[in-house]
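One structure below.
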Amino acid sequence: EPIVASAGDSNPDDRERKLRPRRLDEMVGQRDVIERLKIAIDAASGRGEPLGHILFDGPPGLGKTTFATVIPAEMGTTVQMANGAGLSAPKDLLPYLTNVSERSVLFIDEIHRVPKAVEEYLYTAMEDFRIDIVLGEGVNARTLNFELQPFTLIGATTRAGMLSAPLRDRFQIREHLGWYSDDQLCELVIRNARKLAIEIDQPAAGEIARRSRRTPRLANNRLHWVRDYAQIKAKGTVTIGVARDSLDMIGIDKLGLDKQDRNYLETLIRVFGGGPSGLEAIAHTMNVSSDTLEDEVEPFLLRSELIVRTRRGRMATSKAFEHMKMPPPTV
Ligand code: ADP
């Protein structure tokens with residue numbers, strides 16, 4: 001008999017869902033964004049209109065998808081989830097658009113990956129709640145016009161700069177999600193530890209927060225690992241020592257950098273002498289995609305002033321040499 005793994009909560013998606021806030025008041029940080037959204041939501045609801053289209057941008061794991069699920073919950077409406085990478089032809093949009101109900105939300109994650117030919121259908125959908133689809137070709141071509149229910153499109157992207165101006169301009173509300181403070185992440189860790197019935201004290205929560213790259217998703221991931229470790233090695237109690245030892249064990253250092261982050265710095269310093277080096281060259285050497293580096297690795301390294309971007313490429317800063325305990329180049 002094969003042993004079938006139970007779904008449990010070992011699946012990262014399930015874990016993520018379990019800790020995802022359901023209402024705006026359950027979210028930590030982003031107070032100014034939340035303040036503005038509350039006003040827009042209340043105003044639209046008061047008028048009985050759909051909320052204006054919203055674009056969220058910012059690095060991965062900072063709450064874009066969370067907002068996209070919390071906002072419809074606040075409005076008492078439903079949400080459909082789509083991904084820009086899955087919308088390769090206009091027909092891929094149809095099931096979503098024909099399913100929108102009045103004032104419901106359509107969420108398109110990675111909206112910068114929607115191809116131009118599909119993007120154009122979004123324009124009339126967003127502006128006039130209408131789509132005109134051309135079927136057939138030449139003399140047989142005919143246009144079908146669909147009236148859509150007035151709805152709200154929420155788009156999310158890690159690359160705001162890659163959106164075309166016409167698409168960007170059709171979002172009435174644009175919000176950038178920035179990094180969280182250590183205090184905000186500490187609050188998140190304590191709150192989620194309670195949800196998961198983990199025994200943890202303030203210093204330990206602070207240590208996990210400081211090693212989470214200012215990112216709620218990473219704080220939650222680290223907390224799950226620390227819990228496993230504590231259960232096996234420390235009778236389930238998370239102290240600061242337990243937090244440190246468990247995070248050291250999986251290669252997360254004092255700045256919160258993981259193995260891939262340090263591999264990036266090491267490549268830039270050891271192979272390219274600290275730079276300047278092009279992104280592609282670093283990506284090839286590390287054998288990872290340049291998209292991954294640009295989306296997931298570089299933003300935090302830039303923010304931490306471990307690297308800088310110059311016209312000639314990426315450069316490691318003296319802080320990076322120090323952190324990696326590598327001798328800076330002699331000039
Ligand atoms: P993104 O879509 O920007 O990549 P997500 O919204 O999926 O990020 O966030 C990842 C996880 O981090 C969520 O499942 C949620 O548990 C947590 N999270 C993100 N932002 C917040 C927040 N402001 N408050 C509490 N938890 C958050």
Roughly how far apart are [X] [atom1] and [Y] [atom2], rounded to 0.5 Å?
{"X": "Leu55", "Y": "Gln172", "atom1": "CG", "atom2": "CD", "result": "11.5 Å"}
{"X": "Asn192", "Y": "Leu188", "atom1": "CG", "atom2": "CG", "result": "4.5 Å"}
{"X": "Leu97", "Y": "Leu148", "atom1": "CG", "atom2": "CG", "result": "5.5 Å"}
{"X": "Thr98", "Y": "Glu147", "atom1": "OG1", "atom2": "CD", "result": "14.0 Å"}
{"X": "Leu167", "Y": "Glu120", "atom1": "CG", "atom2": "CD", "result": "10.5 Å"}
{"X": "Ile154", "Y": "Gln80", "atom1": "CD1", "atom2": "CD", "result": "12.0 Å"}

Practice task
Assess whether side chain to side chain contact (heavy atoms under 4.5 Å, CB included) is satisfied between Arg314 and Glu298, documenting all intermediate values.
Solution key: CA-CA 10 Å; Arg314 277 63 171 167; Glu298 291 193 327; 2.9 Å; yes

Would you find a donor on one side and an acceptor on the other, under 3.5 Å apart, between the side chain of [X] and the backbone of [Y]?
{"X": "Gln231", "Y": "Gly236", "result": "no"}
{"X": "Gln30", "Y": "Gly178", "result": "yes"}
{"X": "Asp92", "Y": "Ser88", "result": "yes"}
{"X": "Thr124", "Y": "Arg130", "result": "yes"}
{"X": "Arg222", "Y": "Gly256", "result": "yes"}
{"X": "Thr69", "Y": "Thr66", "result": "yes"}
{"X": "Ser104", "Y": "Val100", "result": "no"}
{"X": "Glu26", "Y": "Arg22", "result": "yes"}
{"X": "Arg20", "Y": "Thr65", "result": "no"}
{"X": "Thr152", "Y": "Leu51", "result": "yes"}

Counting only heavy atoms not in [X], do more than 12 sit closer than 6.0 Å to its [atom1] atom?
{"X": "Arg36", "atom1": "CZ", "result": "yes"}
{"X": "Met249", "atom1": "CE", "result": "no"}
{"X": "Asn287", "atom1": "CG", "result": "no"}
{"X": "Arg31", "atom1": "CZ", "result": "yes"}
{"X": "Glu322", "atom1": "CD", "result": "no"}
{"X": "Lys319", "atom1": "NZ", "result": "yes"}
{"X": "Glu102", "atom1": "CD", "result": "yes"}

Handout entry: Connected-component partners of Val308 among ILVMFWY, side-chain separation under 4.5 Å
Key =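 Met315, all in the cluster of Val308.
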
Handout entry: Residue from Ile240, Thr237, Ile208, Val242 passing side chain to side chain contact (heavy atoms under 4.5 Å, CB included) with Ile200
Key =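 Of Ile240, Thr237, Ile208, Val242, side chain to side chain contact (heavy atoms under 4.5 Å, CB included) with Ile200 is met by Ile208 alone.
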
Problem - Single hit among Leu218, Leu185, Ile252 for side chain to side chain contact (heavy atoms under 4.5 Å, CB included) with Arg211 - result: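 It is Ile252; the other options fail the test.
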
Can you tell whether the side chains of [X] and [Y] come within less than 4.0 Å, N to carboxylate O?
{"X": "Arg159", "Y": "Asp291", "value": "yes"}
{"X": "Lys116", "Y": "Glu119", "value": "yes"}
{"X": "Lys64", "Y": "Asp57", "value": "no"}
{"X": "Asp183", "Y": "Arg210", "value": "no"}
{"X": "Arg262", "Y": "Glu266", "value": "no"}
{"X": "Arg191", "Y": "Glu187", "value": "yes"}

Exercise for the section: Give the minimum heavy-atom separation between Leu268 and Ala316, together with the two atoms involved. Expected result: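 Looking at all heavy atoms of both residues, the closest pair is CD2-N, 3.5 Å.
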
Practice task
Please name the pair of heavy atoms, one in Val189 and one in Ala219, separated by the smallest distance, quoted to 0.1 Å.
Solution key: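 Taking every non-hydrogen atom into account, CG2-CB, 4.1 Å.
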
Check: [Y] and [X] side chains under 4.5 Å, non-hydrogen atoms:
{"X": "Val238", "Y": "Arg227", "value": "no"}
{"X": "Ser318", "Y": "Pro328", "value": "no"}
{"X": "Asn140", "Y": "Arg142", "value": "no"}
{"X": "Lys195", "Y": "Lys18", "value": "no"}
{"X": "Arg244", "Y": "Lys254", "value": "no"}
{"X": "Ile269", "Y": "Tyr264", "value": "no"}
{"X": "Leu306", "Y": "Leu257", "value": "yes"}
{"X": "Leu19", "Y": "His224", "value": "yes"}

Handout entry: Same apolar cluster: Phe171 and Val33, side chain cutoff 4.5 Å
Key =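 Phe171 does not cluster with Val33.
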
Exercise for the section: Indicate if Leu87 and Leu163 have the same hydrophobic cluster label, given that clusters are the connected sets of ILVMFWY residues with side-chain heavy-atom separations under 4.5 angstrom. Expected result: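 Linked within one cluster.
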
Practice task
Would you check, one step at a time, whether the test side chain to side chain donor-acceptor pair (under 3.5 Å) holds for Ser212 with Thr215?
Solution key: CA-CA 6 Å; Ser212 294; Thr215 305; over 6 Å; no

Handout entry: Candidate list Arg103, Arg23, Lys38, test salt bridge (Lys or Arg N to Asp or Glu O under 4.0 Å), partner Glu74, passing option
Key =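 Going through the options one by one, the only one that passes is Arg23.
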
Handout entry: Given Asp253, Asp261, Asp182, the one that forms salt bridge (Lys or Arg N to Asp or Glu O under 4.0 Å) with Arg213
Key =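 Going through Asp253, Asp261, Asp182 one by one, the salt bridge (Lys or Arg N to Asp or Glu O under 4.0 Å) with Arg213 is satisfied by Asp261 alone.
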
Exercise for the section: Tell me, with the steps shown, if Glu305 and Thr317 meet side chain to side chain donor-acceptor pair (under 3.5 Å). Expected result: CA-CA 7 Å; Glu305 297 178 350; Thr317 63; over 6 Å; no

Practice task
Check the pair Phe56 / Thr158 against side chain to side chain contact (heavy atoms under 4.5 Å, CB included), numbers first and verdict last.
Solution key: CA-CA 9 Å; Phe56 289 110; Thr158 50; over 6 Å; no

Practice task
For residues 118-161, pull every pair meeting ring-ring contact (aromatic ring centres under 6.0 Å, His included), keeping only residues two or more places apart or in separate chains.
Solution key: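 For residues 118-161: His53-Phe151, Phe129-Phe151.
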
Handout entry: Full working for side chain to side chain contact (heavy atoms under 4.5 Å, CB included) between Leu301 and Leu265
Key = CA-CA 9 Å; Leu301 297 180; Leu265 291 179; 4.1 Å; yes

Practice task
Evaluate side chain to side chain contact (heavy atoms under 4.5 Å, CB included) for Thr292 paired with Ser289, printing each intermediate quantity in order.
Solution key: CA-CA 5 Å; Thr292 302; Ser289 82; 2.8 Å; yes

Exercise for the section: Determine whether the side chains of Ser101 and Gln149 contain a donor N or O and an acceptor N or O closer than 3.5 Å. Expected result: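 On atom types as modelled, these side chains do not qualify, holding no pair under 3.5 Å.
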
